[in-house]
Amino acid sequence: MFNTSPWLACLFRLATVLACAMLVACATNPVTGESQLMLSSTNEDITIGRQQYEPAQQSQGGQYVVDPQLTTYVSRVGQKLAAVSDTPNLPYEFVVLNNSVPNAWALPGGKIAINRGLLLALENEAQLAAVLGHEVVHAAARHGAQRMRDNMLVQIGLAGIGMGLADNDYRQLIIGGAALGAQLITAKYGREHELESDRYGMEYMVKAGYNPMGAVELQRVFVQLAQGRKSSWLEGLFASHPPSQERVEQNLATAQALGGNTGKTGQDDYQQAIAYLASKKKAYDLADQAAAAIQQGNHAKATELLNEAIAIEEREALFHSLKGKALEQQGQSKAALASHSRATELNPNQFSYYLHRAESYQSLGLNEEAERDLTRSMKLLPTSVAALQLGQLAETGGERAQAAQYYQEAARAPGNIGQQATVKLARLDIQSRPQRYIEVEHFQDPKGPLLVRINNRSPLKVTEVKLLSTVFNEQGQRVSEDAWIIDDPLEAGEQSRFYPIKSVYHLPAGQQVRTRVTGVTSE
């Protein structure tokens, strides 16, 4: 029989989305003044941005805290631009993230971040204003909300963001509602939105007193780097803000229309603001090399590089965390624990430092301490890897119900971790609820016996299935009952061949049979 339920469900979702769209179809773009379809209000944008800002920062390495004056400076420049924007009343915030990948992003509601890797690539305050002004327009023009609208209309899910993970990038591991922020900051903007943000961002620059040529210089640098195919750049800003010669030319025309090469460039101010970060650039380069060495399995080399980095900047928690990972992989759990603990001392607000320290705790048999750190990491950013480990600890402690809850959370994630959690959940659950995983189908052979076929819907190999077949008469009274066993192995997701029910050769008219699974043996 043709199953229409998936189609009906899809049509129902689409109808719901379109119905919602009709209610908000007359929204006006605050920047351009044009009408546009929206599925959320400005207040809802603000709520989304507020809820997703912290998780998005956590997933990208967390805030850069070694030099808080740098964030103060960036925020001051950003607020100048926000004040002259078309939506000055949005709750704008600006942070610097501890991430070497050159990138910047904006969430709905004016929540904006820029990576230290991008700051080191800029030369003056006008270029910084070009980056931040561009992101202010994305927020002011509600481009993030429009991307959410587009995603809903085409039913794009949150799983499988499709970008590789750097060591301090955990987007594909995020579970629950926090996954929305990961989608928003990595989704690619369309050509129209990029040109719109360039144009109005330059207008904001001029209103704030900056030289609009900073935006032209910025795009020229981006185009050159894109042609050079520097991988870190391609993974960062270019992924969501693709550069092009068209944008250079458009920005040049806009700058000329706005008065040309006039206004503040601010090279001295900018160089003074990033002086401390620039003086530690070698340390971060060494740490990036160490992270690559860890991924390649060269943990001794990573430790050597990180010792050099720490000698240059001892107060950077990231260096100590990476060193802890390298030491752990070399079997030096006590030394690794010391490094991880130093990381949490230097920055107690970054989830990944607790996540990595928990691994060292578990290696040393300190499960209670590991559980505490994993729980803390989940509060800062819920991830599938922490949920999986918490499930394993709960199962080891005999807390099967708690373990099942954690496995269910972890199973939401794509990839290997989600698969592991699915298997562990099934293994934990299949004994108490075998009917959930093993399906029984009846078939009456017109010329032979009553048959059953077993479908293994679990991710486990099943070696034995215990069954109970009961026959009922027209009045629903039990006529006979037979307990029997099928011991043919079934791989995960496999359908078995047909088996006769020995106690019922042919089902008489008016009678019914029910076969249920009473037990399963699995590997």
Side-chain angles (χ1 to χ4, degrees), residues 51-62 157-161 163 165-186 321 324-325 328 337 340 343-344 348-433 436-437 458-460 492:
Q51 292 174 344
Q52 297 297 324
Y53 201 32
E54 281 293 331
Q57 292 176 51
Q58 289 279 329
S59 72
Q60 298 285 293
L158 294 178
I161 294 167
M163 294 179 65
L165 297 180
D167 182 74
N168 56 358
D169 185 345
Y170 293 83
R171 281 167 285 173
Q172 291 177 339
L173 303 179
I174 304 172
I175 55 178
L180 175 61
Q183 185 194 36
L184 288 173
I185 64 177
T186 57
S321 180
K325 289 181 65 177
E328 184 63 46
L337 179 60
H340 289 312
T344 60
N349 298 313
Q350 176 59 22
F351 90 100
S352 57
Y353 302 154
Y354 295 99
L355 181 64
H356 297 319
R357 187 169 70 172
E359 182 180 356
S360 294
Y361 275 135
Q362 290 184 74
S363 296
L364 295 168
L366 302 173
N367 288 349
E368 184 175 340
E369 289 83 355
E371 182 179 2
R372 183 185 64 222
D373 270 9
L374 289 167
T375 302
R376 178 68 182 272
S377 79
M378 286 284 283
K379 289 181 179 178
L380 291 167
L381 183 70
T383 61
S384 57
V385 64
L388 178 63
Q389 293 180 30
L390 282 166
Q392 292 170 338
L393 289 173
E395 185 176 2
T396 300
E399 300 176 5
R400 294 173 62 87
Q402 183 66 62
Q405 290 181 11
Y406 283 126
Y407 289 150
Q408 285 176 343
E409 290 186 65
R412 301 177 191 174
N416 183 54
I417 292 176
Q419 292 173 3
Q420 288 184 54
T422 300
V423 170
K424 288 181 177 295
L425 177 61
R427 188 169 286 121
L428 192 69
D429 197 36
I430 198 169
Q431 297 302 323
S432 58
R433 294 191 292 180
R436 182 179 182 182
Y437 301 92
S458 81
L460 308 172

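Start at 1 with the first residue, then count along the sequence.
- Y406 places none of its side-chain heavy atoms less than 4.5 Å from the side chain of L393.
- Taking CD1 of I417 as the reference point, atom OG1 of T383 lies at 7.5 Å (rounded to 0.5 Å).
- One finds the CD atom of Q362 at 8.5 Å from the OG1 atom of T396 (value rounded to the nearest 0.5 Å).
- Remark: side-chain polar atoms of Q58 are paired, donor with acceptor, to backbone N or O of F351 under 3.5 angstrom.
- For the residue pair L425 and Q408, the shortest heavy atom distance occurs at CD2-CG, 3.5 Å.
- Residues P382 and E409 fail the side-chain proximity criterion, which asks for heavy atoms closer than 4.5 Å.
- Looking at heavy atoms from C-beta onward, Y407 lies in side-chain contact with Q392 at the 4.5 angstrom threshold.
- Closest of all the heavy-atom pairs between A56 and S59 is O-OG, 2.9 Å.
- When every heavy atom of A386 is checked against every heavy atom of L355, the shortest pair comes out as CB-CD1, 3.9 Å.
- The two atoms that bring H340 and S360 nearest to each other are CD2-OG, 3.3 Å, heavy atoms only.
- Expressed to the nearest 0.5 Å, how far CZ of R436 lies from OG of S458 amounts to 11.5 Å.
- Of all heavy-atom pairs spanning G62 and Q350, the tightest one is CA-OE1, 3.2 Å.
- Considering CG of L374 and CZ of R357, their distance stands at 10.5 Å, rounded to 0.5 Å.
- Checking side-chain atoms of Q405 against main-chain N and O of G391 turns up no donor-acceptor pair under 3.5 Å.
- Side-chain N or O atoms of R400 include one that pairs as donor or acceptor with a backbone N or O of L428 at under 3.5 Å.
- Inter-residue side-chain proximity for E371 and T375 is flagged as met; some heavy-atom pair is nearer than 4.5 Å.
- A donor-acceptor contact shorter than 3.5 Å links the side chain of Y354 to the backbone of P348.
- Counting only distance, with no hydrogens or angles, the side chain of E369 and the backbone of A358 share no donor-acceptor pair below 3.5 Å.
- If you take CD on E54 and CG on L380, they are separated by 8.5 Å, rounding to the nearest 0.5 Å.
- Across every non-hydrogen atom of A411 and A421, the tightest pair is N-CB, 3.5 Å.
- Note: N367 CG to Q389 CD = 10.5 Å, rounded to the nearest 0.5 Å.
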